[in-house]
Number of protein chains: 2
Amino acid sequence: MSLKYAVLAALLEGESSGYDLAKIFDVSVSNFWSATPQQLYRELERLAGDGLIDARVVQQERRPNKRMFTLTEAGLRDLHAFAAEPPRPIAIRDELMVKVQAMDGADPAATRALIEERMEWSRGKLARYERLRRHLLGGRDETEYLRDAERIGPYLTLMAGRSLEESNLRWGEQVLEILDRRFNYAGTTGT
Amino acid sequence: MSLKYAVLAALLEGESSGYDLAKIFDVSVSNFWSATPQQLYRELERLAGDGLIDARVVQQERRPNKRMFTLTEAGLRDLHAFAAEPPRPIAIRDELMVKVQAMDGADPAATRALIEERMEWSRGKLARYERLRRHLLGGRDETEYLRDAERIGPYLTLMAGRSLEESNLRWGEQVLEILDRRFNYAGTTGT
DNA sequence: CGATGGTAGTCAATTTGTTGAGTAGGTGCG
DNA sequence: CGCACCTACTCAACAAATTGACTACCATCG
């Protein structure tokens with residue numbers, strides 16, 4: 001129901017092709033909304049049909065032609081109305097948590113490895129966030145940016161993503177310690 | 001694809017009816033996997049057909065009969081194998097974040113209210129986690145529990161849920177402050 | 001020269017997920 | 001005594017998401 005608005009929100013950044021959006025949804029938006037390219041192309045079709053976005057074909061010389069999309073006035077109005085409505089509750093699908101929940105009786109070393117992988121992934125994500133943050137700030141100081149910038153929405157969601165990954169990392173550290181104690185990978189400290 | 005395993009993992013807690021599972025998926029599991037009752041009933045049907053769970057009908061006197069489900073040996077093996085496989089990446093759908101991303105140009109007071117609602121909801125969730133935690137500990141000290149308890153998976157996922165909600169709350173506090181500064185709901189401090 | 005990988009998509013099939021209604025008895029409230 | 005709410009589901013229809021394959025052309029590496 002609201003991949004629609006995730007797409008419209010992404011188009012606030014400016015004109016994009018479906019392919020561009022697929023990349024955006026893979027890196028930044030994917031923190032709080034995910035979509036496969038196929039979903040995006042379908043959704044763009046529908047949004048253009050409903051007059052919420054405009055499409056124009058760009059002829060290219062050495063690569064396939066592409067269609068670029070922009071928000072229309074109607075699309076922007078719709079998006080702003082959506083932004084003021086109460087959100088539906090957050091939905092999370094985290095297979096790792098199902099695996100952790102079911103870990104007892106299975107191989108603890110395997111679970112440990114999965115958690116370490118997740119932590120490594122979180123670290124990578126934090127690094128990407130930091131780069132994006134610098135890019136958004138554009139040399140300005142954070143306080144100044146938050147006071148004066150035209151758009152702060154993307155920065156606020158960036159903060160949420162960062163906060164989430166930091167919490168993931170802290171959780172991971174705690175769990176690794178617990179597993180090490182319980183299954184003594186670390187050996188006895190007093191020997 | 002893995003509502004299947006979320007259900008099997010829930011059955012580690014012991015024999016349950018579809019109705020019981022629906023309640024469990026509404027309170028505890030819903031932190032990292034969600035499902036509607038209809039999905040559960042369909043999934044239970046399939047799992048029983050595949051021999052991963054056993055079903056038995058319990059006749060009841062003053063209420064409808066129910067079917068109780070238990071893990072079979074095959075189901076447990078399948079679950080343990082799943083637990084050691086690499087998870088697919090986490091998928092989050094958070095409408096609030098889409099609204100925050102698109103807030104610029106819309107009504108900031110409305111966004112502010114949505115964030116406060118979310119924070120209130122997080123506080124409620126933390127309180128429920130704390131009750132569940134006490135229940136799991138059953139009077140034991142945490143260190144002791146994590147060393148000796150038969151199952152720690154549910155406790156570890158509980159920790160993750162708590163960690164997530166705490167991070168949500170911290171984020172909310174920061175954002176409220178930013179919005180107040182920017183749109184001066186707080187007025188000038190020096191008056 | 002062949003393989004790999006990027007751009008920019010489309011199509012079809014299947015699986016999941018969501019919504020709404022229906023059944024059927026019981027309990028508790030005022 | 002009537003109404004809402006709880007237990008415990010079932011059915012049907014629809015919407016959304018996922019998977020995999022396919023098209024086509026270009027650039028780059030070895």
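Only a predicted model underlies this, so the values are computations on that prediction, with no experimental measurement involved. Computed from heavy atoms alone, side chains included, the values below leave out hydrogens, waters and symmetry copies. Throughout, a chain's letter reflects where its sequence line sits, starting with A, and its residues are numbered from 1.
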Q: Would you tell me if any nitrogen or oxygen in the side chain of Gln39(A) comes within less than 4.0 Å of OP1 or OP2 on dA17(D)?
A: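 For Gln39(A), the contact criterion (side-chain N or O under 4.0 Å from OP1 or OP2 of dA17(D)) is met.
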
Q: May I ask you to evaluate whether Ser17(B) reaches the phosphate of dC9(D), defined as a side-chain N or O under 4.0 Å from OP1 or OP2?
A: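 It does, given that an N or O in the side chain of Ser17(B) lies less than 4.0 Å from OP1 or OP2 of dC9(D).
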
(Q) On DNA chain C, does the nearest nucleotide to Arg42(A) precede the nearest nucleotide to Asn65(A) from the 5' side, or the other way round? Give the residue. (A)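 Comparing both residues, the 5'-ward one is Asn65(A).
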
Q: Could you note down all residue pairs passing ring-ring contact (aromatic ring centres under 6.0 Å, His included) where residues 57-85 of chain A supplies at least one of them, sequence neighbours left out?
A: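 Found Tyr5(A)-Phe82(A).
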
In whole angstroms, how far is the [atom2] atom of [N] from the [atom1] atom of [X]?
X: Glu15(A); N: dA8(C); atom1: CD; atom2: P; result: 13 Å
X: Phe25(B); N: dG17(C); atom1: CZ; atom2: P; result: 10 Å
X: Lys66(B); N: dG25(C); atom1: NZ; atom2: P; result: 19 Å
X: Leu44(B); N: dT10(D); atom1: CG; atom2: P; result: 9 Å
X: Leu40(B); N: dT16(C); atom1: CG; atom2: C1'; result: 13 Å
X: Glu43(A); N: dA16(D); atom1: CD; atom2: C1'; result: 10 Å
X: Glu45(A); N: dG9(C); atom1: CD; atom2: P; result: 10 Å
X: Arg56(B); N: dC9(D); atom1: CZ; atom2: P; result: 12 Å

(Q) Please classify the nucleic acid contact of Arg67(A) as base, sugar-phosphate, or nothing, using heavy-atom distances under 4.0 Å. (A)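 Answer is sugar-phosphate: Arg67(A) comes under 4.0 Å of backbone atoms only.
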
Is a donor from one side chain sitting under 3.5 angstrom from an acceptor on the other, for [X] and [Y]?
X: Gln59(A); Y: Asn65(A); answer: yes
X: Ser167(B); Y: Arg170(A); answer: no
X: Asn31(B); Y: Lys125(B); answer: yes
X: Arg67(A); Y: Ser17(A); answer: no

Q) Does Lys23(B) or Ala35(A) map to a spot on DNA chain D nearer the 5' end, using the closest nucleotide for each? A)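 Taking each residue's closest nucleotide, the earlier one in sequence belongs to Lys23(B).
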
Q: Answer yes if Tyr129(B) and Leu169(B) sit in the same cluster of Ile, Leu, Val, Met, Phe, Trp and Tyr residues linked by side chain heavy atoms under 4.5 Å apart, and no otherwise.
A: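 Yes, Tyr129(B) and Leu169(B) fall within the same hydrophobic cluster.
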
Polar atoms only, N or O, under 3.5 Å: list the protein pairs with nucleotides 20-27 of chain D and their distances.
{"unit_1": "dG20(D)", "atom_1": "O6", "unit_2": "Gln38(A)", "atom_2": "NE2", "d": "3.2"}
{"unit_1": "dC26(D)", "atom_1": "O4'", "unit_2": "Arg62(A)", "atom_2": "O", "d": "3.4"}

Q) Quick one: does Arg93(A) reach the base of dG17(C) with a side-chain donor-acceptor pair under 3.5 Å? A)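 No, no donor-acceptor pair under 3.5 Å.
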
Would you mind telling me which of [options] lies closest to the side-chain atoms of [X]?
X: Gln60(A); options: dA16(D), dA8(C), dT18(C); value: dA8(C)
X: Tyr19(A); options: dA8(D), dG6(C), dT19(C); value: dG6(C)
X: Tyr41(B); options: dA8(D), dA8(C), dT18(D); value: dA8(D)

Q: Run the salt-bridge test on Arg133(A) and Glu130(A) with the 4.0 Å N-O cut-off and return the result as yes or no.
A: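 Yes, this pair counts.
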
